[in-house]
There are 2 protein chains.
Amino acid sequence: MARPTIADIANRAGVSKGAVSFALNGRPGVSKETRARILEIAEQMSWRPHSAARALGASRVDSVGLVIARPARTLGVEPFFAHLFSGLQSGLSAHSISLQLLIVEDTEAEIEVYRRWSSEHRVDGVILVDLAVKDPRVEAVKALELPAVVIGGRGGKGALPSVWADDRDAMLSIVEYLAALGHRRIAHVAGTPNFQHTQRRIRAVRDAAPRLGLIDAPSLPTDFSDAEGAAITRKLLSQAVRPTAIVYDSDVMAVAGLGVAMEMGVAVPGELSVVAFDDSILTQLMHPALTALSRDTFDFGRQAAEVLLEVIADPTTVINRRTADPVLTVRESTAPPA
Amino acid sequence: MARPTIADIANRAGVSKGAVSFALNGRPGVSKETRARILEIAEQMSWRPHSAARALGASRVDSVGLVIARPARTLGVEPFFAHLFSGLQSGLSAHSISLQLLIVEDTEAEIEVYRRWSSEHRVDGVILVDLAVKDPRVEAVKALELPAVVIGGRGGKGALPSVWADDRDAMLSIVEYLAALGHRRIAHVAGTPNFQHTQRRIRAVRDAAPRLGLIDAPSLPTDFSDAEGAAITRKLLSQAVRPTAIVYDSDVMAVAGLGVAMEMGVAVPGELSVVAFDDSILTQLMHPALTALSRDTFDFGRQAAEVLLEVIADPTTVINRRTADPVLTVRESTAPPA
DNA sequence: CTGAAGTGATAAACCGGTATAGCTCCTGCA
DNA sequence: TGCAGGAGCTATACCGGTTTATCACTTCAG
């Protein structure tokens with residue numbers, strides 16, 4: 001017998017298919033003894049449900065999807081997605097739900113994937129990352145009635161369920177720390193302003209500047225690439241009056257910036273303090289090791305998984321779960337200004 | 001109408017379900033005109049096959065799996081898997097086949113996943129990476145009759161189909177280059193000797209040493225972590241007679257090693273040349289930028305996808321496809337010895 | 001003693017496709 | 001004229017589960 005079906009089990013147990021189904025799914029309709037006997041036989045025949053058959057009858061696939069819209073080249077170096085993925089997986093595996101991953105070029109392609117997944121019944125729900133300001137994906141998944149959870153984007157009115165960390169507070173903690181060290185000229189090498197989280201960080205810097213008595217606190221947008229991170233840094237350090245501290249919106253940009261500082265002979269942290277808004281092995285590999293904001297991305301993923309499961313169970317629920325606050329890990333790249 | 005089925009199409013077209021199935025799958029049994037009409041209607045109703053229904057009838061799921069057995073913490077920084085994944089995906093998407101990714105802790109868990117996937121009919125085949133010397137996974141997938149392709153491991157007799165690059169040649173090209181520069185004391189910070197590819201690299205160094213007149217060419221095993229890479233480097237550079245060049249088996253270890261050299265005041269490339277056996281943004285971010293061996297991992301993935309599809313179509317085929325040779329990208333971290 | 005409610009089970013429909021046996025024409029050939 | 005054979009299509013079984021209608025039987029209240 002290659003692969004037992006519930007019919008085989010029913011046969012062996014001398015009951016009907018229905019009874020077996022009831023027993024295996026722990027629902028009423030069979031006596032305690034019969035249930036035990038069926039479970040025993042199923043175990044013994046090492047039966048496993050055929051996922052497709054189950055998906056066809058009931059309308060769930062026990063699978064959720066994650067689409068990342070970024071050029072593959074830039075992926076991989078950022079541990080963010082790997083950790084997020086692991087966290088999601090860990091939150092899902094407890095419920096035997098699998099996770100589908102797809103990397104696409106842009107948001108348009110991403111929406112096309114949702115459309116396909118939805119119509120082919122390949123996933124029960126999806127996770128949205130990197131939310132933009134007026135993100136078309138929100139409307140798209142709503143129109144498809146595809147359960148979804150937004151990561152990192154705080155849902156506004158009528159918005160999707162979300163899991164988020166307080167970017168604003170996190171950024172404030174960085175700037176306040178630098179100000180406390182004595183820095184007054186702090187530059188912020190930001191990400192793409194189109195992203196909601198980037199906007200929140202930029203706003204945080206702008207709002208805190210007067211209160212902390214900062215003389216100059218520009219936020220400079222980039223595309224998150226190491227190239228632009230390096231270019232902006234070069235520009236900043238070429239000015240007559242240089243910033244004494246730079247906050248980078250990603251670890252990769254921070255590393256690139258550190259490289260530029262070394263190349264230009266600017267001592268870190270002697271003449272320049274460097275902070276990365278995201279932690280990873282990368283920041284620790286550097287010399288000097290970078291002060292960085294650590295977020296528990298794994299836990300982020302796990303919580304997102306939980307929320308998504310709730311949304312799938314009841315699509316009307318809207319949860320906005322706030323995760324643990326990021327903490328600043330101080331290393332060797334920050335010091336009082338000269 | 002929420003979601004059209006072929007029955008709806010059959011209804012609209014005034015034909016039977018069977019005819020619609022024939023038409024949509026491009027198989028004989030319907031006339032040219034009827035086929036055209038059915039396709040038109042299907043298009044118009046924006047019909048998409050229900051993946052589960054299809055999987056139930058035919059015995060294919062149009063999905064393949066990739067399991068990576070490494071602690072999540074070390075993933076992410078290495079772009080290898082992200083690129084491989086993208087390549088696989090690109091090779092599969094042309095055939096509308098989806099890719100399942102799972103990250104687990106160890107090989108045992110990995111095999112358990114294959115067992116589950118197989119019995120639940122979740123995938124049509126799998127990709128095996130990081131092949132160990134006597135890898136239990138090979139027997140496992142064979143026993144499950146699960147089509148599989150090995151990446152990076154050259155299949156021996158009775159082995160699985162594989163896609164591989166010539167690690168030996170690649171390592172030789174590195175060592176020969178260093179020897180040509182004048183280096184005679186070359187250390188090799190290797191990975192886990194349990195991996196087949198690591199063994200091949202170690203052997204390559206050992207075999208080439210006498211021919212190239214190397215005085216000392218030790219291969220030192222590690223667990224691929226930045227920590228061990230750094231530790232071994234520290235040891236090497238503390239010796240009375242230091243190597244003048246070090247080859248690292250991964251970019252992460254090379255970066256860690258470079259950090260140790262800086263910390264110990266050993267000039268790179270003045271007193272020490274550094275080469276990474278794997279390229280990524282990481283190596284380019286460094287100062288000095290690291291000379292590294294570039295492999296086209298994306299293409300690797302794409303070819304693996306092709307081979308896997310062939311194996312799924314005909315499980316008796318055994319293909320051993322060799323991919324493009326890796327090339328050495330020379331940057332700033334290598335120079336003749338002092 | 002009768003009727004109602006509850007328990008434990010069965011048989012059959014159903015989900016949305018694919019595969020196959022079989023039916024009806026039509027054509028070609030002896 | 002008869003028949004083989006193929007094209008074009010229909011009807012139906014089937015894949016492996018879930019769900020529902022139904023039924024036999026017991027129990028208990030009235």
Side-chain angles (χ1 to χ4, degrees), chain A residues 1-39 41-42 45-63 96 116-124 313, chain B residues 1-39 41-42 45-63 96 116-122 124:
Chain A
M1 174 126 8
R3 149 171 243 299
T5 70
I6 58 165
D8 298 324
I9 298 178
N11 228 321
R12 272 271 276 278
V15 295
S16 68
K17 274 171 59 182
V20 174
S21 178
F22 290 145
L24 292 170
N25 291 291
R27 53 177 64 204
V30 284
S31 66
K32 235 171 171 315
E33 303 81 51
T34 313
R35 181 186 307 276
R37 190 158 44 91
I38 291 174
L39 288 178
I41 292 176
M45 300 177 85
S46 69
W47 172 88
R48 299 286 187 86
H50 190 303
S51 59
R54 187 168 265 177
L56 191 52
S59 289
R60 70 203 148 88
V61 209
D62 286 345
S63 173
S96 308
R116 212 185 63 230
W117 274 355
S118 169
S119 59
E120 293 181 0
H121 266 73
R122 277 198 182 269
V123 297
D124 296 323
Chain B
M1 174 125 8
R3 150 170 243 298
T5 71
I6 59 165
D8 298 323
I9 298 179
N11 229 320
R12 272 271 275 280
V15 295
S16 70
K17 273 172 59 183
V20 174
S21 179
F22 290 145
L24 292 170
N25 291 292
R27 53 177 66 205
V30 282
S31 66
K32 237 171 168 324
E33 303 81 52
T34 313
R35 181 186 306 274
R37 190 156 48 90
I38 291 174
L39 288 178
I41 292 175
M45 299 176 86
S46 67
W47 173 88
R48 299 287 186 84
H50 189 304
S51 57
R54 188 167 263 179
L56 192 51
S59 287
R60 69 202 148 89
V61 209
D62 286 346
S63 174
S96 308
R116 211 185 62 230
W117 274 353
S118 169
S119 60
E120 292 180 1
H121 267 70
R122 276 197 184 270
D124 296 323

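Every heavy atom of this structure was used, including side-chain atoms; hydrogens, water molecules and symmetry mates were not. To find a chain, count down the sequence lines: A is the first, B the second, and so on, and within it residues start at 1.
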Its contact letters, B for base, S for sugar-phosphate only and - for none at protein heavy atoms under 4.0 Å, make nucleotides 7-13 of chain D read -SBB---
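- With rounding to whole Å, A:Leu56 atom CG is found 11 Å from D:dT18 atom P.
- A:His50 places its NE2 atom 11 Å from the P atom of D:dC15, with the value rounded to the nearest Å.
- For B:Ser16, the side-chain contact (heavy atoms from CB on, under 4.5 Å) partners two or more places apart in sequence, or in a different chain, are B:Ala19.
- Note: CD1 (B:Ile9) to P (C:dG16) measures 12 Å, nearest angstrom.
- Between the CG atom of B:Asn25 and the P atom of C:dG17 there is a distance of 10 Å, given to the nearest Å.
- One can place CG of A:Leu24 at 12 Å from C1' of D:dT18, the figure rounded to the nearest angstrom.
- When each of A:Ile41, A:Leu39, A:Val15 is checked for a side-chain contact (heavy atoms from CB on, under 4.5 Å) with A:Ile9, only A:Ile41 meets the rule.
- Put simply, A:Arg48 has no side-chain N or O that comes within less than 4.0 Å of OP1 or OP2 on D:dG16.
- Nucleotide C:dG17 holds its P atom 11 Å from the CE atom of B:Met45, rounded to whole Å.
- In this model, the phosphate group of D:dT18 is not approached by any side-chain N or O of A:Arg27 to a distance below 4.0 Å at OP1 or OP2.
- Considering only side-chain N and O atoms, A:Ser21 lies nowhere under 4.0 angstrom from the phosphate OP1 or OP2 of D:dG17.
- Going from atom CG of A:Asn11 over to atom C1' of D:dG16 covers 15 Å, rounded to whole Å.
- The two atoms that bring A:His121 and A:Val61 nearest to each other are O-CG2, 3.2 Å, heavy atoms only.
- At whole-Å resolution of the value, CD1 in B:Ile6 and C1' in C:dC14 are 15 Å apart.
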Between A:Arg12 and A:Val20, does a side chain to side chain contact (heavy atoms under 4.5 Å, CB included) hold up when you go through it step by step? CA-CA 11 Å; A:Arg12 272 271 276 278; A:Val20 174; over 6 Å; no
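- Note on B:Trp47: every side-chain N or O is 4.0 Å or more away from OP1 and OP2 of C:dG16.
- The shortest heavy-atom contact between B:Ala13 and B:Arg37 is O-NH1, 2.7 Å.
- Considering all non-hydrogen atoms of both residues, B:Ala7 and B:Lys17 come closest at CA-CG, 4.0 Å.
- The phosphate of C:dT18 has OP1 or OP2 within less than 4.0 Å of a side-chain N or O from B:Arg54.
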Hey, can you pull the donor-acceptor pairs under 3.5 Å for the side chains in residues 21-33 of chain A, sequence neighbours left out?
| residue | atom | partner | partner atom | Å |
| --- | --- | --- | --- | --- |
| A:Asn25 | OD1 | A:Arg54 | NH2 | 3.4 |
| A:Asn25 | ND2 | A:Ser21 | O | 2.8 |
| A:Ser31 | OG | A:Thr34 | N | 3.3 |
| A:Ser31 | OG | A:Thr34 | OG1 | 2.7 |

